[in-house]
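Below is one structure, written out as structure tokens; comments come after it.
FYI, side chains are in, hydrogens and waters are out, and symmetry mates aren't considered; it's all heavy atoms of this structure. We count ligands from 1, going down the list as the structure has it; atoms in each ligand are counted the same way.
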Amino acid sequence: MQSCEPEAKFRFTIAPPTGTIASLFAPLLSLFMSTLSTQILSRLSLADDFLSGEELCAAFGVTRSAIWKHIRLLRREGYQIDAVTGRGYRLAALTGRAVAAEVEPFLATRCFGRNLSYHEVTDSTNIQAKMLALKGSAEGSVVVADSQTGGRGRMGRRWLSVSGKNLYFTIILRPGVPSLRVPQLTLLVAVAIHRALAQFVPELQPKIKWPNDILVNEKKICGVLCEMQSEPDFTHFVVVGLGINVNQLAFPGELEGRATSLFLESGRTHSKPELLAGFLNQFEPLYDRWLGEEDLGFVLPYIEEHSLLQSRVVYVEQFNRTINGTVTGIAKGGELMLASEEGGTVLISSGEAHLSKSN
Ligand code: BTN
């Protein structure tokens with residue numbers, strides 16, 4: 001398993017499942033939630049009024065007692081479902097968790113997000129997604145966690161993953177392209193999340209920071225970690241993990257002043273299921289188009305328009321060196337184009353870019 005960054009070393013280790021009670025029950029819970037309960041919840045969430053027991057029985061071809069059993073399971077899961085004799089069932093409130101039944105009503109995709117597994121807590125959604133991909137899970141499958149005990153960032157860093165506030169998820173892709181093209185995916189993901197955020201919170205002015213961060217007011221609101229398993233001519237699968245700071249109220253220690261959330265920037269809380277679906281709705285058509293193209297040419301104008309780094313003086317940290325220069329654009333292959341201090345243009349395919357103090 002490799003990072004999608006060309007020069008990065010392989011860092012994928014499979015951690016043992018974390019040992020809390022919640023994590024032991026999580027697979028069972030998501031199994032229940034992915035079957036009839038999920039379908040019932042989805043149906044209830046789309047209905048304007050009560051749905052009768054008969055309607056639900058007919059819709060799913062099951063008995064009244066089966067429906068009742070799943071209503072009880074959903075209530076145990078925290079869903080407020082009213083049951084009134086003679087009228088049926090009505091969903092009084094959703095939980096706001098990014099489970100399949102709460103994401104599905106907002107999805108406009110053909111396949112992305114249609115198979116979604118949810119963990120209250122897990123080690124890392126990238127690790128879970130990789131295990132699913134190895135077992136043959138379909139393209140577009142998504143793993144979501146409410147919190148992660150081993151959330152991973154780029155360059156071997158940790159990704160703080162508190163519970164109840166943010167979105168942590170990973171999507172499995174199976175692009176049958178040469179592995180050289182895969183790093184382009186990170187910029188494509190950045191475009192999709194940028195568009196979703198712009199649509200979801202129109203007053204924000206998010207910026208894309210090459211290669212795959214999203215910042216608001218120069219503070220990080222979203223990070224992307226792509227990892228792949230491939231041969232030179234063929235990519236077996238890619239797992240694309242996103243951490244989006246949605247409703248977090250404060251950031252501790254060294255993150256203070258460097259990270260932000262949608263809540264902090266907009267002053268209101270936001271729906272995680274809707275944002276996840278919004279991202280997937282943006283990403284699927286971009287990805288489909290990218291598969292049929294040679295490169296990122298078709299999104300370059302969008303990236304350059306919303307780039308934090310365009311025409312700015314930066315330094316790029318790589319594993320063994322730092323490069324200084326002024327950003328002149330993004331190449332079709334996704335590389336950062338830099339007018340270097342030594343003269344001439346250099347194409348940079350990996351690393352972490354920072355604005356220089358001289359800006
Ligand atoms: C970065 O900016 O360093 C990338 C952060 C990516 C974090 C997400 S959270 C969901 C997924 N699972 C992980 O362990 N990491 C990614």
D213 heavy atoms within 4.0 Å reach ligand 1 at atoms 2 (O)
Between K165 and D146, is there a side-chain N and carboxylate O pair less than 4.0 Å apart?
-> no
Among protein heavy atoms, which lies nearest atom 15 (N) of ligand 1, and at what distance?
-> R152 O, 2.7 Å
State, without any angle test, whether S349 and E335 hold a side-chain donor-acceptor pair at a distance under 3.5 Å.
-> no
Are the charged groups of K220 and E256 less than 4.0 angstrom apart, N to O?
-> no
Atoms of ligand 1 less than 4.0 Å from T170 heavy atoms?
-> 11 (C)
Which of the ligand 1 atoms, numbered from 1, are nearer than 4.0 Å to a heavy atom of T125 = 10 (C), 11 (C), 12 (N)
Ligand-residue contact atoms, ligand 1 with F169, heavy atoms, under 4.0 Å | 10 (C)
At a 4.0 Å threshold, what atoms of ligand 1 neighbour a non-hydrogen atom of V224?
-> 2 (O), 4 (C)
For atom 5 (C) of ligand 1, which protein heavy atom lies nearest, and how many Å away is it?
-> W159 CE3, 3.3 Å
Tell me: protein heavy atom nearest atom 3 (O) of ligand 1, and distance?
-> R154 N, 2.7 Å
Which residue from K220, M155, E352, Q148 reaches closest to atom 12 (N) of ligand 1 through any of its heavy atoms?
-> Q148
Is the number of heavy atoms from other residues, nucleotides or ligands within 6.0 Å of CZ (R72) greater than 12?
-> yes
Do Q128 and D123 get their side chains close enough for a donor-acceptor pair, meaning under 3.5 Å?
-> yes
Which atoms of ligand 1 have any heavy atom of G151 under 4.0 Å away?
-> 14 (O)
Would you call K130 and E227 a salt bridge, taking side-chain N to carboxylate O under 4.0 Å as the test?
-> no
Has the side chain of Q318 got a donor or acceptor atom that lies under 3.5 Å from a matching backbone atom of S350?
-> yes
